Colleague: 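Below you'll find the structure I mean.
Model, not experiment: these values are computed from the prediction. Start at 1 and go down the list; that is how both ligands and their atoms are numbered.
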Amino acid sequence: MPKLTNKIALVTGGSRGIGAAIAKRLASEGATVAITYTKGAEAAAAVVGAIEAAGGKSLAIQADAADADAVTQAVEKTVATYGGLDILVNNAGTAIPKPFQEATIEELDRVIDINIRGTFIATLAALKHLRNGGRIISIGSCVGERNMTPGLAAYAATKGAVKMFTQGLAREVGDRAITVNNVQPGPIDTELNPAAGDWAAPQIANTALKRYGHVEEIAAMVAFVAGPEAAYITGANLTVDGGTNA
Ligand code: NDP
């Protein structure tokens, strides 16, 4: 039997990039998977279609991670539709790369609201429903621990916050056998961080493996952490970065 059979998951920002790969991978392991998105209704529908075509169950919900009510309702809708929640993946995130001295207050608020506040709110809503043995998995970043890239100071700070939130929360929910972990990608080829973009060359140079990672390489770690073999891993920052932080 697939290891996530009968598990219900919600992946924020699941319409493309890392989130879409996570949604498809969890579904391939037997989970029922809801995803959120903001603008990409067609892309979200395509992820749902791919999961259904493979025999799984999936649902796309429009919910901006910066909108507390929308995020809370997305959790509630997932629970109401499928009858529970076992796995929350806080994947929705954004970066606005530029020298910090040139950032606007609005840009700083946006990065904080999506990357930190959105993660807090989705987690708060999910904890009301997560069954014993549940999983909270956030997608932080290798720059949350060590940042060598000028232009990412504020973004890295938000991912550092995700790291400490993970460690602190793990100690509060362990009595429910809920694990809380932070998967920290290095450079992964997505629309947010294209391997062919201007920012790519220095990021590749910083890796030990001299390449960008693939979305499936992050999804594989998330699927492991979501599964029964990872029941004793909590409060951990699991870096999948091609050796960037080595
Ligand atoms: P992409 O921009 O490629 O995809 C982001 C996904 O999230 C899309 O499905 C997008 O759909 C959705 N999304 C964007 N903004 C919001 C929002 N406000 N609310 C809800 N959903 C939203 O990003 P990646 O896949 O590259 O990144 C995913 C996560 O991984 C982020 O947290 C990012 O910080 C992290 N990460 C990425 C790395 C990389 O190199 N790519 C490296 C380290 C960490 P829509 O447009 O419809 O909203």
Colleague: Given T38, V89, I35, identify the one with the heavy atom nearest to atom 48 (O) of ligand 1.
Modeller: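 Minimum heavy-atom distance to atom 48 (O) of ligand 1 goes to T38.
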Colleague: Suppose we measure from atom 9 (O) of ligand 1 to each protein heavy atom; which comes out shortest, and what is that distance?
Modeller: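 Looking at atom 9 (O) of ligand 1, the protein heavy atom closest to it is S15 OG, 2.6 Å.
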Colleague: Closest non-hydrogen protein atom to atom 31 (C) of ligand 1, residue and atom name please, with distance?
Modeller: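 Among all protein heavy atoms, the one nearest atom 31 (C) of ligand 1 is N91 O, 3.2 Å.
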Colleague: Same cluster or not: I188 versus L192, using hydrophobic residues (I, L, V, M, F, W, Y) connected whenever any side-chain heavy atoms lie under 4.5 Å apart?
Modeller: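 Unlinked, I188 and L192 end up in two clusters.
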Colleague: Under 6.0 Å from the CZ atom of R171, do we count more than 12 heavy atoms belonging to anything else shown?
Modeller: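 Check fails, neighbour count at 12 or below.
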Colleague: Consider side-chain hydrogen bond (donor to acceptor under 3.5 Å, both in side chains). Of T119, T166, T123, which one does N90 pass it with?
Modeller: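 Only one option passes, and that is T123.
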Colleague: Indicate yes or no: does an N/O atom of A65 lie under 3.5 Å from an N/O atom of ligand 1?
Modeller: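 In this structure, A65 places an N or O atom under 3.5 Å from an N or O of ligand 1.
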Colleague: Evaluate T190 for polar contact with ligand 1, using N/O atom pairs at a separation under 3.5 Å.
Modeller: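 By distance alone, the answer is yes.
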Colleague: What distance do I18 atom CD1 and D189 atom CG have between them, rounded to the nearest 0.5 Å?
Modeller: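 Reported value, rounded in 0.5 Å steps: 10.0 Å.
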Colleague: Just wondering, more than 12 heavy atoms not from K163 lying within 6.0 Å of its NZ?
Modeller: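 Yes, because the 6.0 Å sphere around NZ of K163 holds more than 12 heavy atoms from other groups.
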Colleague: For atom 34 (O) of ligand 1, find the nearest protein heavy atom and state the residue, atom name and distance (0.1 Å precision).
Modeller: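 Its nearest protein heavy-atom neighbour is Y155 OH, 2.6 Å.
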Colleague: Is it the side chain, the backbone, both or neither of A63 that has a heavy atom closer than 4.0 Å to ligand 1?
Modeller: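 Under 4.0 Å from ligand 1, A63 contributes backbone atoms alone.
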Colleague: Against heavy atoms of I114, which atoms of ligand 1 measure under 4.0 Å?
Modeller: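 Listed by number with element: 18 (N).
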Colleague: How far is atom 42 (C) of ligand 1 from its nearest protein heavy atom, and which residue and atom is that?
Modeller: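 Atom 42 (C) of ligand 1 sits closest to the protein heavy atom G186 O, 3.1 Å.
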Colleague: Any atoms of ligand 1 less than 4.0 Å from a non-hydrogen atom of N193? List them with their elements.
Modeller: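 Every atom of ligand 1 under 4.0 Å from some heavy atom of N193: 39 (C), 40 (O), 41 (N).
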Colleague: Which distance, rounded to the nearest 0.5 Å, do you find between the CZ of R110 and the OG1 of T158?
Modeller: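 Answer for the CZ-OG1 pair, R110 versus T158, is 13.0 Å.
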Colleague: Before giving the answer on side chain to side chain contact (heavy atoms under 4.5 Å, CB included), spell out for I96 and Y155 the whole-Å C-alpha distance, their side-chain angles and the decisive distance to 0.1 Å.
Modeller: CA-CA 7 Å; I96 307 176; Y155 172 78; over 6 Å; no
Colleague: Write out the residue and atom name of the closest protein heavy atom to atom 44 (C) of ligand 1, then the distance separating them to 0.1 Å.
Modeller: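 Sorting protein heavy atoms by distance from atom 44 (C) of ligand 1 puts G140 O, 3.2 Å first.
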Colleague: Considering only protein heavy atoms, which is closest to atom 6 (C) of ligand 1, and at what distance to one decimal place?
Modeller: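 Among all protein heavy atoms, the one nearest atom 6 (C) of ligand 1 is G13 O, 3.4 Å.
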Colleague: Determine if the distance from atom 29 (C) of ligand 1 to the closest protein heavy atom is below 4.0 Å.
Modeller: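 Yes, because at least one protein heavy atom sits under 4.0 Å from atom 29 (C) of ligand 1.
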Colleague: Below 4.0 Å from any atom of ligand 1, is there a heavy atom belonging to D64?
Modeller: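 A heavy atom of D64 does come that close to ligand 1.
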Colleague: Only heavy atoms count here, so choose which of K39, K159, R16 is nearest to atom 46 (O) of ligand 1.
Modeller: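 Result: the heavy atom closest to atom 46 (O) of ligand 1 is in R16.
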Colleague: Please check if atom CG in N6 has more than 12 non-hydrogen atoms from other residues, nucleotides or ligands closer than 6.0 Å.
Modeller: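 No, CG of N6 has 12 or fewer neighbouring heavy atoms, counting only those of other groups under 6.0 Å.
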Colleague: With heavy atoms of G40 as the reference, note each atom of ligand 1 found under 4.0 Å away.
Modeller: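 Checking each atom against G40, I get 45 (P), 47 (O).
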Colleague: Checking side-chain contact (heavy atoms from CB on, under 4.5 Å) between V71 and each of T36, L124, I121, which is the one that passes?
Modeller: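 Only one option passes, and that is I121.
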Colleague: Which atoms of ligand 1 sit under 4.0 Å from any heavy atom of G17?
Modeller: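 Listed by number with element, the hits are 25 (O).
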Colleague: If you round to the nearest 0.5 Å, how far is OG of S138 from CD1 of I116?
Modeller: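 Rounded to the nearest 0.5 Å, the CD1-OG separation comes out at 11.5 Å.
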Colleague: Within the 4.0 Å heavy-atom shell around P187, which atoms of ligand 1 are there?
Modeller: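 Per the distance check, 40 (O).
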Colleague: Would you say that more than 12 heavy atoms from the other residues, nucleotides or ligands in this model lie under 6.0 Å from the NZ of K210, or not?
Modeller: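 Yes, enclosed.
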Colleague: Does ligand 1 have any atom that is closer than 4.0 Å to a heavy atom of A43?
Modeller: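 No, that is not the case, since the closest heavy atom of the residue is not under 4.0 Å from the ligand.
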Colleague: Do R211 and E217 sit within salt-bridge range, that is, some charged N less than 4.0 Å from a carboxylate O?
Modeller: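 A salt bridge is present here (some side-chain N lies under 4.0 Å from a carboxylate O).
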Colleague: Quick one: look up the protein heavy atom nearest atom 23 (O) of ligand 1 and list residue, atom name and how far away it is.
Modeller: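 It is L192 CB, 3.5 Å.
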Colleague: How far is atom 25 (O) of ligand 1 from its nearest protein heavy atom, and which residue and atom is that?
Modeller: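 Scanning the protein heavy atoms, the shortest distance from atom 25 (O) of ligand 1 goes to I18 N, 2.8 Å.
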